[in-house]
Amino acid sequence: MRAARFDYLEPRDLDEALAALSEHSPDAVAAAGGTDLLRDLRQQKRRPSLVISLARIPVLSGVRSADDGGLLVGPMTTMAALASDPLVADLAPALAEAAGHMGSPQVRNRATIGGNLCNARPCADTAPPVIVHGARLQLSSKEGIREVEAESFITGPGATLREPHELLTAIQLPPSGVAASSAFETLTNRKAVEITITSATAWLELEGDLVKGASICLGSVGPRPMPGPSGAAVLLGVEPTPERIAQAASATVLDASPIDDFRGSADYRRHLVEVLTRRALTRALARARRRARGGDIAEAQGGVA
Amino acid sequence: MKKMLSMTVNGAPLEVAVHTHATLAEVLRGELGLTGTKVGCGEGDCGACTVLLDGEPVNSCLVLALQAAGRTVTTIEGLSAEGAAAGESLHPVQAAFVEAGAIQCGFCSPGMILSAAALLRRCPDPTEADVRVALSGNLCRCTGYQKIIEATLAAAESLATSHAGDNSDREGGRP
Ligand SMILES: Cc1cc2nc3c(=O)[nH]c(=O)nc-3n(C[C@H](O)[C@H](O)[C@H](O)COP(=O)(O)OP(=O)(O)OC[C@H]3O[C@@H](n4cnc5c(N)ncnc54)[C@H](O)[C@@H]3O)c2cc1C
Ligand code: FES
Ligand code: FES
């Protein structure tokens, strides 16, 4: 099938894009890398009258440090760029891992994080990392800017809090504590060009030997990225021994509501939730400890890392 | 609806009127006659349509042609032309594929070779694991992959030999 007819715009700045979007909404759609959109257009799942490319709006791409020490990720940043960005690797390693795993090299060179979040599939691989890091998403329209929690942004398969006349214009990751880190674990049938059967992402922050903060998020086991509060609750305030981590992983199974499909049965997915959560927590913990040691060394040397 | 598209294809700047909904693969094959680019799945799964966009491999079936405005596209024809410019009939990666028997029906070969060539520009001395990752978005229904991987590693060696003592030949690589 061919795409239905549409007009095409490639604005050079954000205001122009927002004005066009607002004028033609809800019949206008944004195009980022197009890896989801082109399929929808060709299958005529979407029949916009106007496609607005975001590719030439410089403020929308790239990763930079925010004034508060966090990270500002532009929605047009590609998976390839995220996977090789040193700031992301340091402050949000789960995000670098998720971006580096998805699709194929060709897809990663086009696919953007903004497209992944706005397309809002339950298997969207960058959503759980963004959620466990407590990110806030900036939504802009002609009328102004608002912010929403990444955790509440995706409301169901393909559905988000974004209004049709709004664009996602920034993903804001808060500063990372010196003793905090994250990890992403996934299982797919093949290593490339596969949709995630189940993923688990964990973020941990330590204070001395105890867990000060914990967050878990699961992919492909519910209508949207599924937070894992039951597992996180097991770890808060205690020492993260291997036994506690195993307990937290099995508690997390309660937070999943998987379905049977051709990629795997619901039972198999519940099993994967336990295994992948345990692995993600274990690796996040090792990274957090490493960062904590790095911070101690920097302090001992009289500087701040 | 048609719009004018300016881009550089295989080193030559050109302008062509394209449908707004046309993919880059459709324009390369249909409007420009560059049929070396193949279309298998049309959905990003097989990599047969791989071309280099500003030097990076992409699935041209998933790029709107208009998204290539102002950018540089390299197809398999462009790679052959680089070989010809160096006085050979083929680019060294193509030659290595022929030599290793990495081509059977040939449908995947243009995409495979462009993915391999992009890897070798970015990483002239890859490990086998690097090659497997770089080619993971290209499916081959014939060869079983092993010879393709061997060909890519052999191409790395032959490029290293031909570049020894010649640092000027960095054209098309990353800055
Ligand atoms: C072969 C293949 C393999 C894939 N593998 C994976 C995988 O392993 N994991 C995974 O998660 N995904 C995968 N995908 C899906 C897809 O590549 C990702 O979801 C990708 O990140 C989408 O980004 P994009 O830039 O291509 O978005 P587009 O297709 O351009 O846009 C997607 C949607 O988001 C909207 N949009 C984009 N940017 C914005 C913005 N800034 N503001 C508002 N709306 C916006 C668009 O209007 C559109 O509705 C795969 C796709 C293919 C073709
Ligand atoms: S034809 Fe483009 S990936 Fe298969
Ligand atoms: S040689 Fe036939 S598909 Fe690869």
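In what follows, chains are A, B, ... by sequence order, proteins preceding strands, each numbered from 1.
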Q.
Test your reading of the model: is there a side-chain donor-acceptor pair from A:Asn109 to the backbone of B:Pro57, 3.5 Å cut-off?
A. yes
**Q.** Worked verdict on B:Glu43 versus A:Leu38 for side chain to side chain contact (heavy atoms under 4.5 Å, CB included)
**A.** CA-CA 8 Å; B:Glu43 301 209 326; A:Leu38 258 71; over 6 Å; no
Q | Contacting moiety of B:Leu53, where chain A heavy atoms sit under 4.5 Å | A | side chain
**Q.** From A:Leu41 atom CG to B:Thr23 atom OG1, the distance as rounded to the nearest 0.5 Å
**A.** 11.5 Å
Q.
A:Val51 vs B:Thr20, test: side chain to side chain contact (heavy atoms under 4.5 Å, CB included). Steps then yes/no.
A. CA-CA 9 Å; A:Val51 171; B:Thr20 51; over 6 Å; no
Q | Student check: side-chain heavy atoms of A:Tyr8 and B:Gln67 closer than 4.5 Å | A | yes
**Q.** Under 4.5 Å from a heavy atom of chain A, the part of B:Ala69 involved
**A.** both
Q) Is the count of non-hydrogen atoms from other residues, nucleotides or ligands lying under 6.0 Å from B:Asp125 atom CG greater than 12? A) no
Q: Specify which of B:Leu64, B:Val133, B:Asp45, B:Thr50 makes the most heavy-atom pairs with chain A at under 4.5 Å.
A: B:Leu64
(Q) Could you walk me through whether A:Arg110 and B:Val63 satisfy the side chain to side chain contact (heavy atoms under 4.5 Å, CB included) test, starting with their C-alpha distance in whole Å, then the side-chain angles of each, then the deciding distance to 0.1 Å, before giving a yes or no? (A) CA-CA 8 Å; A:Arg110 295 291 300 164; B:Val63 178; 3.7 Å; yes
Q.
Ignoring hydrogens, what is the shortest heavy-atom contact between A:Gln106 and B:Ser115? Give both atom names and the distance.
A. NE2-OG, 3.5 Å
Q | B:Glu99 atom CD, neighbour heavy-atom count above 12 within 6.0 Å | A | no
(Q) Would you compute the distance between atom SG of B:Cys61 and atom CZ of A:Arg42 and round it to the nearest 0.5 angstrom? (A) 6.0 Å
(Q) Taking the side chain as everything from C-beta on, heavy atoms only, tell me whether A:Pro105 gets closer than 4.5 Å to B:Ser136. (A) yes
**Q.** Residue part contacting chain B, namely of A:Asp7, when any heavy atom lies under 4.5 Å
**A.** both
Q: Nearest 0.5 Å please: distance from the OG atom of A:Ser104 over to the CG atom of B:Leu135.
A: 11.0 Å
Q: In sequence, state the C-alpha distance, the side-chain angles, and the governing distance for A:Phe6 and B:Met1, and then conclude on side chain to side chain contact (heavy atoms under 4.5 Å, CB included).
A: CA-CA 7 Å; A:Phe6 53 79; B:Met1 186 175 306; over 6 Å; no
Q: Give a yes or no on this: more than 12 heavy atoms of other residues, nucleotides or ligands lie within 6.0 Å of atom NZ of A:Lys142.
A: no
Q: Taking atom NZ of B:Lys38 as the centre, report whether more than 12 heavy atoms of other residues, nucleotides or ligands fall under 6.0 Å from it.
A: yes
